[in-house]
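Note that the structure is a prediction, hence the values are computed from the model and not measured.
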Amino acid sequence: MKNISNNTTMKRKNGSEILLESLLAHGEKTIFGYPGGSVIPLYETMRSYPQINHILVRHEQGAAFAANGYARINRKAGVCLATSGPGATNLLTGVADAYMDSIPMIVITGQVFSTLLGTDAFQEIDSLGVFLPVVKHSFSVTSAKEIAETMTKAFHIANTGRPGPVHVDITKDAFLEMVDFDGFPDVNIPSYKPTITANKKQLEKVVKTIAEAKRPIAIIGQGTHISHAEKEVLAFLEKTGIPCTETLLGLSSVPHNHPQNLGMLGMHGTVPANYAVHNADLIISLGSRFDDRITGKLSEFTRLAKFIHFDIDPAEIEKNVKEVVVPVVGDLKVSLENTLPLLQKTEFPAWIKQIEGWKEEYSMENVRELNKEKAGGKMRACKVIEILKEETEGNAIVAPDVGQNQMWTAQEYKANITNSLLFSGGLGAMGCSLPTAMGAKVAAPEREVWSISGDGGFQMNLQEMMTLVQEGIAVKIMVLNNNYLGMVRQWQEMFEGGYSYVDMQNPDFIKLAEAYGIPTFKASTEEETREAIKKCRAIDGPTFIECVIGKEENIFPMVPQAKSLGDTQISE
């Protein structure tokens, strides 16, 4: 990386100024933050930087999730900021979420004066130790002299290789200290050299292994979005004729109506996708890490197939699936660009015929019909999401929460624009939806953005409705209310024989949203839902819809825990 600054004249600046200059030098003007004692000098300096767009969240966890959503849409690091002690620890869940899903973030925390470190001072905590397990790297800064180099390294580490959050902990005196400043240095991290270009011999092995296969399937993962490799993935599929399935985080990589796309894989994936992977003799992972939610019982997952694994992180190769016959380490987009000229169209007529049979027999329409009685005559959640897709024509950014609402969204919201479904995948963090959607809307103000939550998850970060109002962030909020912690209840019903501690007594969500000054709508029928969505879309600002759904509707298909993809259940 070249020296970012063209400044040749030495200037005196304090640490706060250098930090803000570093954000601007790296093209970042947005901070999601919450002030506190140790970062007051930074906030005071920020008043002199009108080009910085600071979004005042209502809880630090909201700042981390918002930076996550912002980064997913921009595909470069988002920035969140908190004070020391509880401010820092409140960020932790959102940072861990970004780490699990490989989302680049710059996480800035204040710290007590350097002279007080280790004394258990007020709001002192070992932030470095707290964050270390859930970040790519963590820096401790005790002098303003360190800030320029540290921030240059932080942005480079966060955005390159396998992306992820980088934590920078800065003492209060480092924000205040005046030092000579002449720009930002070149990046020099000898121990950090991610592999971008894959070994050509490995790519030749990929082609040879595909030619030998009779029943191949490609798994499309989050790496496709991270690498901006959607076009290359589609070209790979069409040139080889290999059918594909997408992970939860890989959804919207391949057009949902493409004939080779079997839909989502895994615990709540489509039956054709699960059966195809279960019976394949070659599984090609394109940017997926073989998470347990897509493999099911691992010994069954690996019983028949050979594996080709494309991944930028060598640590993921053979971490879960052993004996990968062709590991391909490198950036997915670059790897596929170099593979495509080597490929030839291949025919798999018997395999495609088998898959078409599964698609006809186990369509989602048939699965939904088998399970409609569980809604108890009330509106079905799957129909709510289907209506939302129809009204937005699949062109919105949608950030679901975690639980049944997430899986209904994954199954029913067929996105027409790549990288438009923002899921909490590896961590599965309830409360993520509203702040993630908020960050996405700030990143793409021209796009329509929906937050979809269950009644449980919504109450974990509902305070960010005030942020939407104060900052004029036009997120459309939808709460699917069944007065249960629905996914936990479903597991209890299926595997425990009864319910415990999942019955939710909720507030009046309509009055609550109105108290925040947000236009509200309530829907109990499909007709009311469609009308409410139309009205929300016509309003230039944040809106809120409560959809009352059947209390005991379950999400199917489902692979029971410790079972194989071949054991996919389609009903009770």
Side-chain angles (χ1 to χ4, degrees), residues 245 247-248 251 263-278 291-301 358 361-386 400-412 423-430 452-458 479-506 547-572:
T245 176
T247 68
L248 179 68
L251 287 172
M264 186 172 70
L265 175 67
M267 180 169 283
H268 293 291
T270 70
V271 177
N274 285 356
Y275 280 9
V277 171
H278 185 67
D291 173 77
D292 65 290
R293 283 301 190 264
I294 68 166
T295 65
K297 188 176 181 181
L298 198 56
S299 60
E300 287 292 302
F301 184 75
W358 289 327
E361 183 176 359
Y362 299 109
S363 68
M364 285 303 299
E365 290 77 12
N366 291 343
V367 172
R368 284 202 300 262
E369 184 66 21
L370 284 172
N371 293 284
K372 65 180 181 181
E373 298 303 323
K374 287 291 288 184
K378 290 191 175 181
M379 182 166 58
R380 301 187 66 189
C382 60
K383 295 299 293 183
V384 172
I385 306 301
E386 183 180 308
D401 211 83
V402 169
Q404 287 180 317
N405 71 88
Q406 183 189 54
M407 293 297 105
W408 278 312
T409 303
Q411 290 179 349
E412 303 296 340
F423 297 102
S424 171
L427 193 65
M430 289 177 67
I452 301 176
S453 299
D455 47 307
F458 176 66
V479 172
L480 304 179
N481 186 6
N482 59 7
N483 289 102
Y484 270 126
L485 294 175
M487 187 63 87
V488 180
R489 181 208 54 75
Q490 178 171 339
W491 278 57
Q492 289 178 345
E493 176 186 321
M494 294 181 67
F495 309 123
E496 304 298 332
Y499 304 164
S500 56
Y501 307 104
V502 291
D503 198 343
M504 297 283 287
Q505 182 175 344
N506 293 321
C547 294
V548 180
I549 60 171
K551 286 177 67 69
E552 295 181 300
E553 182 181 0
N554 288 336
I555 181 81
F556 284 99
M558 181 177 182
V559 179
Q561 194 170 28
K563 295 291 186 178
S564 76
L565 297 178
D567 296 317
T568 302
Q569 287 184 224
I570 60 173
S571 63
E572 300 292 341

Report the C-alpha distance between T247 and R293 in whole Å, list the side-chain angles of each, state the deciding distance to 0.1 Å, and finish with yes or no for side chain to side chain contact (heavy atoms under 4.5 Å, CB included).
CA-CA 9 Å; T247 68; R293 283 301 190 264; over 6 Å; no
Between E553 and K383, does a salt bridge (Lys or Arg N to Asp or Glu O under 4.0 Å) hold up when you go through it step by step?
CA-CA 12 Å; E553 182 181 0; K383 295 299 293 183; over 6 Å; no
Where do E552 and Y499 land on the side-chain hydrogen bond (donor to acceptor under 3.5 Å, both in side chains) test, with the steps shown first?
CA-CA 11 Å; E552 295 181 300; Y499 304 164; 2.6 Å; yes
Verdict with supporting geometry, K551 and N483, side chain to side chain contact (heavy atoms under 4.5 Å, CB included)
CA-CA 7 Å; K551 286 177 67 69; N483 289 102; 3.5 Å; yes
Show your reasoning for whether side-chain hydrogen bond (donor to acceptor under 3.5 Å, both in side chains) applies to D567 and S564.
CA-CA 5 Å; D567 296 317; S564 76; 3.1 Å; yes
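Between Y362 and W358, the ring centre distance reaches or exceeds 6.0 Å.
Taking CG from L298 and CZ from F301, the interatomic distance works out to 7.5 Å, rounded to the nearest 0.5 Å. Atom CG of L485 sits about 7.0 Å away from atom CG of D455, to the nearest 0.5 Å. Once rounded to the nearest 0.5 Å, the distance linking OG1 of T245 with CG of N274 reads 7.0 Å. Distance check, rounded to the nearest 0.5 Å: CD1 of I452 to OG1 of T409 gives 4.0 Å. The distance from the CG atom of D503 to the OH atom of Y484 is 5.0 Å, given to the nearest 0.5 Å. The distance from the NZ atom of K374 to the CZ atom of R380 is 12.0 Å, given to the nearest 0.5 Å.
Under a 3.5 Å cut-off, the side chain of Q492 and the backbone N or O of S500 do form a donor-acceptor pair. Using modelled atom types, no side-chain atom of S453 and backbone atom of D401 make a donor-acceptor pair closer than 3.5 Å. Between the T270 side chain and the G263 main chain, no donor and acceptor come within less than 3.5 Å of each other. Looking only at distances, no side-chain donor or acceptor of Q569 sits under 3.5 Å from a matching main-chain atom of P560.
At most 12 heavy atoms of other shown residues, nucleotides or ligands fall within 6.0 angstrom of atom NZ in K297. More than 12 heavy-atom neighbours from other residues, nucleotides or ligands sit within 6.0 angstrom of CZ on F495.
Between M430 and M487 the shortest side-chain heavy-atom distance does not fall below 4.5 Å. A heavy-atom distance below 4.5 Å is found between the side chains of M364 and P557. Side-chain contact check for Q404 versus R489: some heavy-atom pair is nearer than 4.5 Å. You'll find the side chain of V548 stays beyond 4.5 Å of the side chain of M379, heavy atoms only. Contact of the I570 side chain with the N366 side chain is not registered, since no non-hydrogen atoms from C-beta on lie closer than 4.5 Å. Looking only at side-chain heavy atoms (C-beta outward), M558 and M407 stay at 4.5 Å or farther from each other. Side-chain atoms of T568 and H278, non-hydrogen and from C-beta on, never get closer than 4.5 Å to each other.
Contact between S424 and V402 at its shortest, heavy atoms only, is CB-CG2, 3.9 Å. Contact between L480 and A381 at its shortest, heavy atoms only, is CD1-CB, 4.3 Å. Looking at every heavy atom in both residues, L370 comes nearest to S571 through CB-CB, 4.2 Å. Taking all atoms of both residues into account, the shortest heavy-atom contact from F423 to P400 is CE2-CG, 3.4 Å. Residue Q411 comes nearest to F556 through the heavy atom pair NE2-O, 3.2 Å, listed as atom of the first residue, atom of the second, then distance.
When the side-chain contact (heavy atoms from CB on, under 4.5 Å) test is applied to E373, no partner is found at least two apart in sequence or on another chain. Remark: N482 engages no residue in a side-chain hydrogen bond (donor to acceptor under 3.5 Å, both in side chains) (not counting sequence neighbours).
A salt bridge links R368 and E386; the closest N-O separation between the charged side-chain nitrogens and carboxylate oxygens is under 4.0 Å.
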